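Bear in mind the structure is a predicted one, so any value in this text is a computation, not a measurement. We count residues from 1, following the sequence as given. The analysis underlying the following values was restricted to heavy atoms, covering all of them including side chains, and did not include hydrogens, waters or symmetry mates.
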Amino acid sequence: MSSLRDQMMLELSDPDTFEALLQGEPGQELVQTMLAATYDLSAVRVDRITNVAVSALELQHPLFGTDQVAGNWTQTVPGYTRTELALERARSRDPVWIDVLARLQVTVVTEI
């Protein structure tokens with residue numbers, strides 16, 4: 001027996017169904033919330049949102065974090081030398097799973 005979460009994931013796996021959720025007044029509020037979470041809209045007034053389209057939809061997408069190691073090394077003998085090192089590497093820990101990864105194409109009419 002599948003859970004409610006599994007049923008919702010199965011229903012949202014269809015790009016047309018996912019796109020239908022983003023249409024109309026409630027959908028525009030969702031898209032505006034996503035835009036505000038992604039971009040700084042403090043100097044922008046969103047007039048209307050049109051043409052919301054789902055260009056790609058992926059379920060259960062793994063997100064692998066990275067570690068960043070930074071440091072410096074200073075040497076004074078025989079001559080002054082300074083070296084900075086920055087290293088980024090993939091973590092060996094378990095990934096964080098994104099339930100629904102959707103790429104959207106949105107037309108936004110704004111006033112700046």
dist D99:CG -> R5:CZ (nearest 0.5 Å) comes out at 4.0 Å

Mind checking the CG-CG spacing from L104 to L57? Nearest 0.5 Å is all I need.
-> 9.0 Å

Interatomic distance, CG@L63 vs NE2@H61, rounded to 0.5 Å, equals 6.5 Å

Test side chain to side chain contact (heavy atoms under 4.5 Å, CB included) on F18 and V100 and set out the steps.
-> CA-CA 10 Å; F18 192 83; V100 178; 3.9 Å; yes

Within a strict 4.5 Å, meaning less than it, do heavy atoms of the V31 and Q28 side chains meet?
-> no

When L12, L30, V52 are each screened for side-chain contact (heavy atoms from CB on, under 4.5 Å) with L21, the one that passes is L12

So with a 6.0 Å cut-off around CD of Q60, is the heavy-atom count from everything else above 12?
-> yes

Treat each ILVMFWY residue as a node, draw an edge where side-chain heavy atoms are under 4.5 Å apart, and state whether Y39 and I49 are in one component.
-> yes

May I ask whether M9 and W97 are part of the same hydrophobic cluster, defined by side-chain heavy atoms of I, L, V, M, F, W, Y residues being less than 4.5 angstrom apart, directly or through others?
-> no

Give a yes or no answer on whether the side chain of E19 reaches the backbone of V54 with a donor-acceptor pair at less than 3.5 Å.
-> yes

Walk me through it: do L35 and V108 pass the test side chain to side chain contact (heavy atoms under 4.5 Å, CB included)?
-> CA-CA 10 Å; L35 288 172; V108 181; 3.7 Å; yes

CG (L59) and CD1 (I98) are apart, to the nearest 0.5 Å, by 11.5 Å

Got a sec, which residues hit salt bridge (charged side-chain N to carboxylate O under 4.0 Å, His left out) with R48, two or more places apart in sequence or on another chain?
-> none

